[in-house]
Asker: 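Quick one: this structure, given as structure tokens, is what I'll be asking you about.
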Amino acid sequence: MTTAPLPETDFSPFLRTDFTDDEAWQALLDETGEDWVTVVADPGHRGLSADELVALVPQGRRYPVLVVADDVTFGSTERSLLLIDVLQKPGRTFRVAIDEFQSVIGNLAIDNLCFDDYLDSLGGAEVHRTSERHLQALAELQSYNGTTPQS
């Protein structure tokens with residue numbers, strides 16, 4: 001099978017490299033949404049490594065990362081996505097949990113944070129997840145039951 005080139009797009013390609021379960025792929029898209037990404041489900045990308053995918057990035061691309069739904073994504077209950085750096089040091093990777101995906105991809109897209117920021121925040125973890133501090137802040141906000149705290 002011929003390796004399909006990546007499309008020229010302003011948004012990070014969201015690549016499917018595992019084609020074992022079409023329903024799981026659709027459920028993943030439903031859960032992650034398609035903001036900040038261009039969905040690419042081409043069997044020509046089946047099983048490609050990070051380096052092989054980086055080699056397919058077109059010259060002059062405007063996006064900072066490739067997003068990959070691979071065998072690890074579909075083989076675990078967490079379904080983390082692989083992010084591949086194509087801007088700073090192409091080929092570096094980290095995984096992101098689904099609940100953090102839109103935040104991470106949005107921050108990378110607008111250059112609010114860079115790949116190094118996320119690598120530094122992992123602290124030895126394999127997957128970037130919502131931090132405990134962030135979860136506590138969300139719980140506090142939800143405890144206000146829609147009211148604004150008085151100062």
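Hydrogens, waters and symmetry mates are skipped; everything else that's a heavy atom, side chains included, is used.
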Asker: Would you call Arg62 and Glu8 a salt bridge, using N to O less than 4.0 angstrom?
Answerer: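 Salt bridge flag = no for Glu8 with Arg62.
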Asker: If you define the side chain from C-beta out and look only at heavy atoms, does anything of Val67 sit under 4.5 Å from Leu15?
Answerer: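 Counting from C-beta outward, Val67 and Leu15 never come under 4.5 Å.
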Asker: Name the residue from Leu66, Asp70, Thr73 that meets the side-chain contact (heavy atoms from CB on, under 4.5 Å) definition with Leu82.
Answerer: Asp70
Asker: Less than 4.5 Å apart, any side-chain heavy atom of Thr38 and any of Tyr63?
Answerer: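 No, side chains not in contact.
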Asker: Is the shortest heavy-atom distance from the side chain of Trp25 to the side chain of Phe74 under 4.5 Å?
Answerer: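 When only atoms from C-beta onward are counted, Phe74 and Trp25 do touch, with a gap below 4.5 Å.
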Asker: Do Phe14 and Leu29 have side-chain heavy atoms sitting under 4.5 Å apart?
Answerer: yes
Asker: Kindly work out whether a path of hydrophobic side-chain contacts (I/L/V/M/F/W/Y, heavy atoms less than 4.5 Å apart) joins Phe11 to Val65.
Answerer: yes
Asker: Would a 4.5 Å heavy-atom cut-off, applied to side chains only, mark Phe115 and Ile84 as touching?
Answerer: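 No - every pair of side-chain heavy atoms lies 4.5 Å or more apart.
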Asker: Look up atom SG in Cys114 and atom CG in Leu119, then write down how far apart they are to the nearest 0.5 Å.
Answerer: 8.5 Å
Asker: Any chance CD of Glu126 has more than 12 other-residue heavy atoms, nucleotides or ligands included, within less than 6.0 Å?
Answerer: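 For Glu126, atom CD is not crowded (no more than 12 foreign heavy atoms under 6.0 Å).
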Asker: For a 4.5 angstrom cut-off between non-hydrogen side-chain atoms, does Asp10 reach Arg61?
Answerer: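 Sidechains of Arg61 and Asp10: no contact.
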Asker: Please report the shortest heavy-atom distance between Asp85 and Val54, naming the atom on each side.
Answerer: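 For Asp85 versus Val54, the nearest heavy atoms are O-CG2, 4.1 Å.
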Asker: Begin from the C-alpha positions of Leu56 and Leu48 and carry the test side chain to side chain contact (heavy atoms under 4.5 Å, CB included) through to its verdict.
Answerer: CA-CA 10 Å; Leu56 299 176; Leu48 294 181; 3.8 Å; yes
Asker: Salt-bridge test for Asp22 and Arg16: reply yes if a basic N is under 4.0 Å from a carboxylate O, no otherwise.
Answerer: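 The answer is yes: the pair qualifies as a salt bridge.
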Asker: Can you name the closest pair of heavy atoms from Pro64 and Ser12 and give their distance?
Answerer: CD-OG, 3.8 Å
Asker: Between Asp99 and Arg79, is there a side-chain N and carboxylate O pair less than 4.0 Å apart?
Answerer: no
Asker: What distance do Asp42 atom CG and Thr17 atom OG1 have between them, rounded to the nearest 0.5 Å?
Answerer: 11.5 Å
Asker: Is there a path from Leu53 to Leu83 through hydrophobic residues (I, L, V, M, F, W, Y) whose side chains come within less than 4.5 Å of each other?
Answerer: no
Asker: What's the shortest heavy-atom distance between Ile105 and Trp36, and which atoms?
Answerer: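 For Ile105 and Trp36, the tightest heavy-atom pair comes out as CG2-CB, 3.9 Å.
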Asker: Tell me, do Phe94 and His128 make a side-chain contact under 4.5 Å, heavy atoms counted?
Answerer: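 Touching, per the 4.5 Å side-chain cut-off.
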Asker: Would you say Leu122 and Val127 make side-chain contact, with heavy atoms under 4.5 Å?
Answerer: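 When only atoms from C-beta onward are counted, Val127 and Leu122 do not touch, as no gap falls below 4.5 Å.
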Asker: Among all residues two or more places apart in sequence or in another chain, which pass the salt bridge (Lys or Arg N to Asp or Glu O under 4.0 Å) test with Asp116?
Answerer: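 Only Arg92 meet the salt bridge (Lys or Arg N to Asp or Glu O under 4.0 Å) criterion with Asp116.
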Asker: For Asn107 and Ser103, indicate whether the former's side chain and the latter's backbone hold a donor-acceptor pair under 3.5 Å.
Answerer: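 A pair under 3.5 Å: yes.
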Asker: Is there a side chain to side chain contact (heavy atoms under 4.5 Å, CB included) between Arg95 and Leu81 once you walk through the steps?
Answerer: CA-CA 5 Å; Arg95 298 194 82 81; Leu81 296 165; 5.8 Å; no
Asker: How close do Glu31 and Ile98 get, heavy atom to heavy atom, and via which atoms?
Answerer: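 Closest pair (atom of Glu31, atom of Ile98, distance): OE2-CG2, 3.3 Å.
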Asker: Closest heavy-atom contact between Ser76 and Val72?
Answerer: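 So the minimum-distance heavy-atom pair works out to OG-O, 3.2 Å.
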Asker: Could you verify whether a donor N or O on one side chain and an acceptor N or O on the other, from Asp18 and Thr20, lie under 3.5 Å apart?
Answerer: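 Checked: Asp18/Thr20 side chains pair up, N/O donor to acceptor below 3.5 Å.
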Asker: Testing the basics here: between Arg129 and Glu100, what is the closest heavy-atom pair and its distance to 0.1 Å?
Answerer: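 That closest heavy-atom pairing would be C-CG, 3.5 Å.
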